[in-house]
Amino acid sequence: MKDKKISDLVLIIGMFLLGVLLIIWADKVTNVFSILLGILAIIYGIMTFISYFRTKDKTFGEMLSFIYGIVILVIGFILVFRVDFLKELISFVVGIYIVLTSLLKLHEILIIQKSSKIKLTSSVVISLLGVILGVLCICGKFLIPDMIVSFIGIILVIYSVMYIINMILLKRK
């Protein structure tokens with residue numbers, strides 16, 4: 001149980017630092033990350049093609065691998081030449097993550113509250129705020145198209161601080 005709390009704390013601190021970087025250098029961080037990820041995908045797709053054409057007896061598995069290589073190659077080119085795609089994808093993925101972890105934390109808090117008969121109102125409110133922040137992050141690509149990555153950074157920082165406060169409040173009870 002203690003290892004899980006330490007790993008959660010390390011993850012939250014990492015999310016906090018990523019949030020700060022996204023607030024300060026949003027365009028640079030996402031552009032560089034998108035291009036690097038795209039280049040890796042292109043290299044992987046090319047390697048899949050080479051492997052496919054070197055094989056003499058092609059099975060169904062190699063054919064699926066070839067199709068997979070084409071998909072990865074296309075994704076790589078999209079990431080290199082359309083970096084905004086990654087920003088929208090990051091917003092969606094981070095939003096889903098925040099909603100799910102906040103709901104899981106809320107469930108955990110409600111179980112603790114029910115079994116110990118202690119009111120944990122502040123923890124419940126913080127978890128519900130996390131759900132709201134996650135939904136805003138998912139909808140962020142529609143609400144704030146130009147400042148989406150800075151918005152995600154702010155949400156990550158707020159979420160990280162709320163998560164740490166929630167851990168402290170639960171530890172006291």
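Given the structure is predicted, the values throughout are model-derived calculations rather than measurements.
- Hydrophobic clustering keeps Val32 apart from Leu40 (ILVMFWY residues linked when any side-chain heavy atoms are closer than 4.5 Å, directly or through intermediates).
- Put simply, the side chain of Val131 does not reach to within 4.5 Å of the side chain of Leu106, judged on heavy atoms.
- In terms of modelled atom types and a separation under 3.5 Å, the side chain of Ser115 and the main chain of Ile112 share a donor-acceptor contact.
- A donor-acceptor pair under 3.5 Å is absent between the side-chain atoms of Ser123 and the main chain of Asn166, judged by distance alone.
- The CZ atom of Phe16 sits 14.0 Å away from atom CG of Leu11, with the distance rounded to the nearest 0.5 Å.
- Note: Ile98 CD1 to Leu156 CG = 5.0 Å, rounded to the nearest 0.5 Å.
- Here the side chains of Leu36 and Leu79 are not in contact, with every heavy-atom distance at 4.5 Å or above.
- From Ile155, atom CD1 reaches atom CD1 of Ile138 across 9.5 Å, with rounding to the nearest 0.5 Å.
- No side-chain heavy atom of Tyr159 sits less than 4.5 Å from a side-chain heavy atom of Leu129.
- Each of Val74, Val80, Ile75, Leu73 was checked for a side-chain contact (heavy atoms from CB on, under 4.5 Å) with Phe77, and the lone residue meeting it is Leu73.
- A donor atom on one side chain and an acceptor atom on the other are not found under 3.5 Å apart for Ser65 and Glu62.
- Both Ile70 and Ile43 belong to a single network of hydrophobic side chains, linked directly or stepwise wherever heavy atoms of I, L, V, M, F, W or Y lie under 4.5 Å apart.
- Residues that satisfy the side-chain hydrogen bond (donor to acceptor under 3.5 Å, both in side chains) test with Gln113, not counting sequence neighbours, are absent from this structure.
- Leu104 and Met167 are members of different hydrophobic clusters when ILVMFWY side chains are connected at heavy-atom separations under 4.5 Å.
- Transitive grouping of hydrophobic side chains (ILVMFWY, heavy atoms separated by less than 4.5 Å) brings Val157 and Ile168 into a common cluster.
- Atom OH in Tyr163 sits 5.5 Å away from atom CD1 in Ile12 (nearest 0.5 Å).
- Apart from Ile72 itself, the hydrophobic cluster it occupies contains Tyr44, Tyr68, where clustering links Ile, Leu, Val, Met, Phe, Trp and Tyr at side-chain heavy-atom distances under 4.5 Å.
- In terms of heavy atoms, Ser127 sits closest to Ser102 at O-CB, 3.5 Å.
- Summarising the geometry, atom CD1 belonging to Ile42 is positioned 10.0 Å from atom CG belonging to Leu37; distances are rounded to the nearest 0.5 Å.
- Note on Ile39 and Ile50: same hydrophobic cluster, where clusters join Ile, Leu, Val, Met, Phe, Trp and Tyr whose side-chain heavy atoms are under 4.5 Å apart, directly or indirectly.
- For Gly76 against Ala41, the heavy-atom pair with the smallest separation is CA-CB, 3.6 Å.
- Within a 6.0 Å sphere centred on OH of Tyr52, heavy atoms belonging to other residues, nucleotides or ligands number more than 12.
- With rounding to the nearest 0.5 angstrom, the OG atom of Ser160 is 11.0 Å from the CD1 atom of Ile165.
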Query - Intermediate values then yes/no, side chain to side chain contact (heavy atoms under 4.5 Å, CB included), Ile109 and Ile126 - result: CA-CA 11 Å; Ile109 291 166; Ile126 288 173; over 6 Å; no
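- Looking at every heavy atom in both residues, Leu110 comes nearest to Val124 through CD2-CG2, 4.2 Å.
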